[in-house]
Engineer: 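Take a look at the following structure, please.
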Amino acid sequence: MKKIIISALSICVACLSASAQSKDFKLGQWSEIENSIVKELNKWYVDSLPVDRMHRAAIDAMLNELDPYTVYVPEEDNEDMEMLINKTYGGIGAVIYKAGREEPLYINEPYKNSPAAKAGLVCGDEIIAVDGFLTKGHLAAECTEKMKGKPGTQVVFRVKKVRTGEECNVTITRERIHLPDVEYAGMLDKETGYILQTGFTDNVSNDIRNAVLDLKKQGMKKLILDLRGNGGGLLNEAVNIVGLFVPKGSVVVTQRGNNDEEVVMKTSNNPVDTEIPIVVLVDSGSASASEIVSGALQDYDRATIMGHRTYGKGLVQSFRKLPYNGSMKLTIAKYYTPSGRCVQALDYSHRNEDGSVGAIPDSLTHEFKTAGGRTVRDGGGITPDVKLKDVNYSRLTYSLVLNGIVEQYALRYVMNHESIPAVDDFHFSDKDYEDFIDFAKTKEFDYRSSARTLFDQMKRELEKDGLKDNMGDELAALEKALEMDKETFLKLKKDEVIPFIEEEIVVRYYFQEAGVRIRTRYDEQLKEAMKADLIKL
């Protein structure tokens, strides 16, 4: 028997060794083939080779066979990647607006405490030149590049002030601009604290800690952590945030990579509060680190998760340095919540013949248990404990926002109003909305209703099938019933559009936090979270 066992083990070891050798052989084989192809092309191809473009296309195509998160980052894209990962860049800290190449360039929104704000630039100030570079005749992106630069360097703006019309030079010292992940923290009522977190960049867990402590001083007895639309970020920051609310040493996430190697990540600091009731708001845009936080707090029965099922990204990425100052963002593992769930929704390792990937069907998901014995499932994001009603906007509202009509109006409004009331007292009046309608009517945008869009699509399909002429009278009657001009539709959707206008206006006077306060005024999901009876965990 002993000899049989030893023989079996020897066979297993030999198979594993052969498998590894086969994998290495294949890699070496393909590397040799690719090098030979490039050499032959370089020597014999009829025209000069676009080598850089060929190599980049080959790399992108190769990595595209894996998953959307494994990507090559060349040296020239490092700054963009820094902005994506850490929300930082060197500049003056302001959003600009430019309607076209020949149009004026305006300060649209300076960030709070930014170099631009400290230098006195306000919404509506026209930027004539940047270090002598005339903005007229250039695209917005070209002007933006002139404004960015190494922190500590100076840039000189030629400015036409919005209130006085005076032209002057304004010298600004660039700084490292960091867009905060904690976009807002405040009390919604006497007992309910609210934190809006939009990312997971470096040190956000410390910002959350400070916000929680400050809210507790203000009398917070219940916390709402809003992770809706939060696409994630740094894994260790997610672990640290969970650690604010569960005992030190608690498992938050387990990584399993190649060859089933495991890395268990636990909380390492003392918590801020392990008792306060918590609601975590999530939606289909909550992904990755957001799912780690909501999944772990759900598994420990530490929070009530409310909203909609999350995105389902259970893959972990890491950066690897490459030659010539490039790097590769590489998927190295899948992550699992404390109960053992993997929330990855799509299977990139088994693609269909057309290259597409499928979602994991509910029938193949598995049950897991929370610390308190409740049933949760894997295979497709974090399913909330309490599902909230969908937030639906009309096609008109989307069109007004996405085509920049609301943004353009807000800029014009600021130019014509030196000040507005305090945020909580500011309301867009009926007379103001009539002014907005007059403005919007002059702009080109698709104002058709969803029903009219579907009707137009149906007419095209009927025409393809040769049925349109047979239904002429019926189609004409339906088209007439669906016909609605811009002004009528804008009046109909007044209550839906006004919150977006109010938000765009107040941020230009009182910065981003003011916009969040306007949003809380109309946020029905947030109101449900405030009054909900929490699950007895």
Engineer: Does any non-hydrogen side-chain atom of Ile518 lie less than 4.5 Å from one of Val423?
Structural biologist: yes
Engineer: Please name the pair of heavy atoms, one in Pro247 and one in Pro271, separated by the smallest distance, quoted to 0.1 Å.
Structural biologist: CA-CG, 4.4 Å
Engineer: Should the heavy atoms of other residues, nucleotides or ligands under 6.0 Å from CD of Gln29 be counted, would the total exceed 12?
Structural biologist: yes
Engineer: Is the shortest distance from a Lys or Arg side-chain nitrogen in Glu109 or Arg508 to a carboxylate oxygen in the other one below 4.0 Å?
Structural biologist: no
Engineer: Run through Ile224, Val212, Asp207 and flag the one making a side chain to side chain contact (heavy atoms under 4.5 Å, CB included) with Ile195.
Structural biologist: Val212
Engineer: For the residue pair Arg377 and Thr365, what are the closest heavy atoms and their distance?
Structural biologist: NE-OG1, 2.9 Å
Engineer: Would you confirm whether Asn325, through its side chain, and Glu75, through its main-chain N or O, come within 3.5 Å as a donor-acceptor pair?
Structural biologist: no
Engineer: Between Cys342 and Arg256, is any pair of side-chain heavy atoms under 4.5 Å apart?
Structural biologist: no
Engineer: Under the rule for side-chain hydrogen bond (donor to acceptor under 3.5 Å, both in side chains), what residues qualify as partners of Thr70, not counting sequence neighbours?
Structural biologist: Asp67, Thr331
Engineer: I'd like to check Glu528 versus Val386 (side-chain heavy atoms, cut-off strictly below 4.5 Å). Are they in contact?
Structural biologist: no
Engineer: Taking all atoms of both residues into account, what is the closest heavy-atom pair of Pro338 and Ala296, and its distance?
Structural biologist: CD-CA, 3.8 Å
Engineer: Begin from the C-alpha positions of Ser318 and Arg320 and carry the test side chain to side chain donor-acceptor pair (under 3.5 Å) through to its verdict.
Structural biologist: CA-CA 7 Å; Ser318 176; Arg320 295 290 187 268; 2.6 Å; yes
Engineer: Are more than 12 heavy atoms, taken from residues, nucleotides or ligands other than Glu262, located less than 6.0 Å from that residue's CD atom?
Structural biologist: yes
Engineer: If you count the non-hydrogen atoms of other residues, nucleotides and ligands that lie under 6.0 Å from CG in Asp52, is the total more than 12?
Structural biologist: no
Engineer: Would you say Arg448 and Arg395 make side-chain contact, with heavy atoms under 4.5 Å?
Structural biologist: yes
Engineer: Does the pair Thr201 and Asp181 meet the rule for a side chain to side chain donor-acceptor pair (under 3.5 Å), with working shown?
Structural biologist: CA-CA 7 Å; Thr201 58; Asp181 287 328; 2.3 Å; yes
Engineer: Between Thr304, Asp226, Leu227, which is the residue that forms a side chain to side chain contact (heavy atoms under 4.5 Å, CB included) with Leu281?
Structural biologist: Asp226
Engineer: List the steps, then state whether side chain to side chain donor-acceptor pair (under 3.5 Å) holds for Thr375 with Lys369.
Structural biologist: CA-CA 5 Å; Thr375 298; Lys369 296 295 183 182; 2.6 Å; yes
Engineer: For Leu315 and Lys334, work out which heavy atoms get closest and say how close.
Structural biologist: CD2-CG, 3.6 Å
Engineer: Assess the residue pair Thr370 and Asp301 against the criterion (side chain to side chain donor-acceptor pair (under 3.5 Å)); give the C-alpha distance rounded to whole Å, side-chain angles, the decisive distance to 0.1 Å, and a yes or no.
Structural biologist: CA-CA 7 Å; Thr370 69; Asp301 295 314; 3.0 Å; yes
Engineer: Give a yes or no on whether Lys329 atom NZ has more than 12 heavy-atom contacts from other residues, nucleotides or ligands under 6.0 Å away.
Structural biologist: yes
Engineer: Below 4.5 Å, heavy atoms only, C-beta onward: do Tyr69 and Tyr348 meet side chain to side chain?
Structural biologist: yes
Engineer: Please find out if less than 6.0 Å separates the ring center of Tyr393 from that of Phe500.
Structural biologist: yes
Engineer: Just wondering, do Leu400 and Tyr447 contact through their side chains at under 4.5 Å, heavy atoms?
Structural biologist: no
Engineer: For the pair Tyr111 and Leu179, evaluate side-chain contact (heavy atoms from CB on, under 4.5 Å) and give the outcome as yes or no after the intermediate values.
Structural biologist: CA-CA 9 Å; Tyr111 298 138; Leu179 305 182; 3.5 Å; yes
Engineer: Can you name the nearest heavy-atom pair linking Ser268 to Lys248, along with the distance?
Structural biologist: O-CE, 3.2 Å
Engineer: Look only at the side chain of Tyr311 and the backbone of Ala345, and say whether a donor-acceptor pair between them is shorter than 3.5 Å.
Structural biologist: no
Engineer: With the side chain counted from C-beta on, respond yes when Leu297 and Val280 share a heavy-atom pair under 4.5 Å apart, and no when they do not.
Structural biologist: yes
Engineer: Please check: side-chain N/O of Asp214 versus main-chain N/O of Asn210, any donor-acceptor pairing under 3.5 Å?
Structural biologist: no
Engineer: Check for a donor-acceptor pair, side chain of Tyr300 on one end and backbone N or O of Val251 on the other, with a separation under 3.5 Å.
Structural biologist: yes
Engineer: Measure the spacing between NE2 of His178 and OH of Tyr89 and express it to the nearest 0.5 Å.
Structural biologist: 12.0 Å
Engineer: Tell me if a side-chain donor or acceptor on Ser288 pairs with a main-chain N or O of Gly232 at a distance below 3.5 Å.
Structural biologist: no
Engineer: Take atom CD of Glu261 as the centre, draw a 6.0 Å sphere, and report whether it contains more than 12 heavy atoms from other residues, nucleotides or ligands.
Structural biologist: no
Engineer: Measure the spacing between CD of Gln298 and CD1 of Ile382 and express it to the nearest 0.5 Å.
Structural biologist: 6.0 Å
Engineer: Check whether any side-chain N or O of Thr267 sits under 3.5 Å from a backbone N or O of Ser250 as a donor-acceptor pair, and report yes or no.
Structural biologist: yes
Engineer: How about NZ on Lys87, more than 12 heavy atoms from neighbouring residues, nucleotides or ligands closer than 6.0 Å, or not?
Structural biologist: yes
Engineer: Nearest 0.5 Å, what's the CD-OG1 distance between Glu175 and Thr88?
Structural biologist: 13.0 Å
Engineer: Looking only at heavy atoms, what is the nearest atom pair of Met187 and Lys190, with distance?
Structural biologist: CE-O, 3.5 Å
Engineer: Does Arg302 reach the main-chain N or O of Phe245 with its side chain, forming a donor-acceptor pair under 3.5 Å?
Structural biologist: yes
Engineer: What distance do Met220 atom CE and Asp273 atom CG have between them, rounded to the nearest 0.5 Å?
Structural biologist: 7.0 Å
Engineer: Within the side chain of Ser294, is there an N or O that forms a donor-acceptor pair under 3.5 Å with the backbone of Ser290?
Structural biologist: yes
Engineer: Do other residues, nucleotides or ligands put more than 12 heavy atoms under 6.0 Å from Lys527 NZ?
Structural biologist: yes
Engineer: Would you confirm whether Glu237, through its side chain, and Ser205, through its main-chain N or O, come within 3.5 Å as a donor-acceptor pair?
Structural biologist: yes
Engineer: Under the side-chain contact (heavy atoms from CB on, under 4.5 Å) rule, what do Val343 and Thr310 come out as? Steps first, then yes or no, please.
Structural biologist: CA-CA 9 Å; Val343 300; Thr310 60; 5.7 Å; no
Engineer: I want to check a possible cation-pi pair here: Arg517 against Tyr184, using under 6.0 Å from ring centre and within 45° of the ring axis as the test.
Structural biologist: no
Engineer: Let me see the working for Tyr72 and Leu322 under side-chain contact (heavy atoms from CB on, under 4.5 Å), right down to the final yes or no.
Structural biologist: CA-CA 9 Å; Tyr72 169 61; Leu322 296 177; 3.7 Å; yes
Engineer: With the side chain counted from C-beta on, respond yes when Asn269 and Arg209 share a heavy-atom pair under 4.5 Å apart, and no when they do not.
Structural biologist: yes
Engineer: Given Glu291 and Lys313, is the salt bridge (Lys or Arg N to Asp or Glu O under 4.0 Å) satisfied, shown in steps?
Structural biologist: CA-CA 8 Å; Glu291 294 172 295; Lys313 181 182 178 292; over 6 Å; no
Engineer: Using atom types as modelled and distance alone, determine if a side-chain donor or acceptor of Asp283 lies under 3.5 Å from a backbone N or O of Ser286.
Structural biologist: yes
Engineer: Show your reasoning for whether side-chain contact (heavy atoms from CB on, under 4.5 Å) applies to Ile96 and Met147.
Structural biologist: CA-CA 10 Å; Ile96 63 170; Met147 296 180 186; 3.8 Å; yes
Engineer: In this structure, which one of Glu524, Glu503, Glu504, Glu502 forms a salt bridge (charged side-chain N to carboxylate O under 4.0 Å, His left out) with Arg519?
Structural biologist: Glu503
Engineer: Using 0.5 Å steps for rounding, measure from the CG atom of Asn270 to the CG atom of Leu244.
Structural biologist: 11.0 Å
